[in-house]
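Protein chains get the first letters and strands the later ones, always in sequence-line order, with residue 1 at the start of each.
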2 protein chains.
Amino acid sequence: MATIRDVAKKAGVSVATVSRVLNNKGYAHEDTRRLVNEAIKELNYKPNEVARSLYKKTSRLIGLLLPDIRNPFFPELARGVEDEMQAQGIHLIIGNADEKPKKEIDYIQTFKQNNVIGIISATNQAETSLYEDLSIPVVFLDRTTNSHPSVYSDGLDGGKIAAQEMIKRGSKRIALLRGPIEVRTAQDRFKGAVDELCNANVDFQVITSSFSFHDAEKMAKTLFERFPETDGIIASNDLSAAAILHEALRIGRSIPDDLQIIGYDDIPLSKLLFPPLSTIRQPAYDMGREAGKLLMNIINKKPLEQNYIQMPVTFIERQTTRKVEKNG
Amino acid sequence: MATIRDVAKKAGVSVATVSRVLNNKGYAHEDTRRLVNEAIKELNYKPNEVARSLYKKTSRLIGLLLPDIRNPFFPELARGVEDEMQAQGIHLIIGNADEKPKKEIDYIQTFKQNNVIGIISATNQAETSLYEDLSIPVVFLDRTTNSHPSVYSDGLDGGKIAAQEMIKRGSKRIALLRGPIEVRTAQDRFKGAVDELCNANVDFQVITSSFSFHDAEKMAKTLFERFPETDGIIASNDLSAAAILHEALRIGRSIPDDLQIIGYDDIPLSKLLFPPLSTIRQPAYDMGREAGKLLMNIINKKPLEQNYIQMPVTFIERQTTRKVEKNG
DNA sequence: TTGAAAGCGATACCAC
DNA sequence: GTGGTATCGCTTTCAA
């Protein structure tokens, strides 16, 4: 790879001049500028980002920390972030924390060591101490906290809507899945649903389960064994809902007539399940973009309209819930 | 962040000594070593990877280029790579090329500018010119090429198996989906299937479609309009298979009695489809790990047993295909 | 066994 | 307008 020295030599100027042309900073005669640009092109010179980064203590990289890249919800977020960053010429280092604090710490360290200019984190570490004295901007995504700006969707409302729609459609013995205790958004949607269920004339069970696929499969089995009379399930996410749906069909439950299911997230595959899954939609891609925008605004010290961006959730009616009379 | 100077000062030695201790290189008296290590711990010093990288022209980063992070097959590969790298203390910059050569070039540039020690690419750029004079090791994943080491699965065999299983189970008018023309693995599985179909007493249609979700949905609709008599579909990947399954169910086809479907990949959600999807499994996670290992072996100049690692594919029988008599 | 000093490739200050 | 040079934080000769 050619260096700035090579360019300088070729153009017959000093490295300082090349640098100035490169960064459009300070004066440079039009002719000199052209000369330099020609040399750059001829040598196919690209500035060494590492050297740049060392001096400026900043880079064109941001770190994106995901809890589980295999859960389709997160790649969707990632795409949003990526597209937004791409538009601003910033690249991503994606880290998959795998729900393990150790990995998370590790990645944050790597991010710092590589001079990322900011971090977007979608992980579950309640102990924000990890992020406390980081000296670089952090935005939380799909997650709320008081200590940092964040982009998330309205979990309370989501849970509430799920419960309402479920009740409206006549389920009487409802199983409410509660996501991991350390995930704030999971607890929000849980609380939203609980409130609503308490106020209604229905029985309900609370079952705690992780967000992962594998756990959901096991959980589904036990659920139907222990509570065979359940006629409505509010899942903690679409992945769990899919596992439950699958198990329900396997043991011959009829959906939605005999059992209704509502998921959460609206991952791309939800509409391909059979029957297509009714769910609470989080605008994942848009959330990613917003987080990207927010972070860049912070980095560029633009005045912030808001530090906490709450995105709306919507009920997506598909076919794991019964139709409700138009004027019910 | 503390620098090596701070550590040196605190330990009362020179930076050179600290560096030696840090890297376990060259001599250092046991006492000095202890002194330095204490200082490091007290200051919570972490070496600046950027500075290190600038001098050594190498880093602890590798670049992973994915064609489409939203297709669940790729995160699965990524996890394999990541786990393998993690074990070796190497981190990933993941780039999502989005099937766009421009993005791909861009990412490769970023990788280089950040001194990655190697690249794993799962993209579709047939013109390997992109990767030709890169001066850093490249391993292709889920993709074959003569110019670089690669890890891939046996597409020819996969296509063949799919066709055999389909024929064995009695479909007579088969639609064969052909993935994107520029994707070598897609063409392999296509060819494998074609060969087999040609040798059998069946009719078949070839339909070209992309790997994406959205396209698959549209394609599914037209497929059933134009070829309503189709009684077996060999899809180019699970995503397409899911779209087709969905459409088939929607228009009231009975599966597998009236229509059989075989997918390709065995992404995690395939078993949650209804009916669960019969498919050709690629060992995605393992492929990722192998690619990671291969790359690290190249980087560490270990003798290579093989430059081209072909992984086996297997038929996963689920319920979109009919049962076959045991001694048929 | 240790330390001084020369780089790695860029930026930016200060002279000219 | 332009060029010389200190600097970013680290590694690695080379001399002591």
Test your reading of the model: is there a side-chain donor-acceptor pair from [X] to the backbone of [Y], 3.5 Å cut-off?
X: Tyr308(A); Y: Asn146(A); value: yes
X: Gln187(A); Y: Gly179(A); value: yes
X: Arg143(A); Y: Thr123(A); value: yes

Do [X] and [Y] come within less than 4.5 Å of each other through their side chains, counting heavy atoms only?
X: Phe73(A); Y: Gln282(A); value: yes
X: Arg20(B); Y: Tyr27(B); value: no
X: Ile62(A); Y: Ile93(A); value: no

Requested in this report: Check the side chains of Tyr131(A) and Ser121(A) for a donor-acceptor pair under 3.5 angstrom, ignoring hydrogens and angles.
Outcome: yes
Under 4.0 Å between a Lys/Arg side-chain N and an Asp/Glu carboxylate O for [X] and [Y]?
X: Arg79(A); Y: Glu76(A); result: no
X: Arg289(B); Y: Asp286(B); result: no
X: Asp6(A); Y: Lys9(A); result: no

Requested in this report: Please report how far the helix from dT1(C)-dA16(D) to dC16(C)-dG1(D) bends, comparing the axis fitted to its first five pairs with the axis fitted to its last five, to the nearest 10 degrees.
Outcome: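 One end axis against the other gives 50°.
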Query raised in the report: Under a 4.0 Å heavy-atom cut-off, which of residues 3-15 of chain B touch DNA chain D?
Result: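 Correct list: Thr3(B), Ile4(B).
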Query - Neighbours of DNA chain D within residues 44-59 of chain A, by heavy-atom distance under 4.0 Å - result: Leu54(A), Tyr55(A), Lys57(A)
Query raised in the report: What is the 5' to 3' range of DNA chain C, first to last nucleotide, that sits under 4.0 Å from any heavy atom of chain B?
Result: dT1(C) to dG9(C)
Query raised in the report: Near DNA chain C, which residues from residues 29-37 of chain A have a heavy atom under 4.0 Å away?
Result: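 The stretch gives none, as no residue of it lies under 4.0 Å from the strand.
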Requested in this report: Could you walk me through whether Asn24(A) and Arg33(A) pass side-chain hydrogen bond (donor to acceptor under 3.5 Å, both in side chains), step by step?
Outcome: CA-CA 10 Å; Asn24(A) 269 315; Arg33(A) 193 176 293 276; 3.2 Å; yes
[X] to [Y] - nearest heavy-atom pair and separation:
X: Asn48(A); Y: Gln113(B); result: OD1-O, 3.8 Å
X: Asn96(A); Y: Lys103(A); result: O-CD, 3.7 Å
X: Leu61(A); Y: Asn114(A); result: CD2-O, 4.5 Å
X: Leu64(A); Y: Phe111(A); result: N-CZ, 3.8 Å

Query raised in the report: Is atom NZ of Lys112(B) surrounded by more than 12 heavy atoms (other residues, nucleotides or ligands) closer than 6.0 Å?
Result: yes
Query - CD (Gln306(B)) with more than 12 external heavy atoms under 6.0 Å - result: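 Yes.
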Where do N or O atoms of nucleotides 13-16 of chain D meet protein N or O atoms at under 3.5 Å, pair by pair?
none

Query raised in the report: Once you round it to whole Å, what is the distance between P of dG9(D) and CD of Gln113(A)?
Result: 14 Å
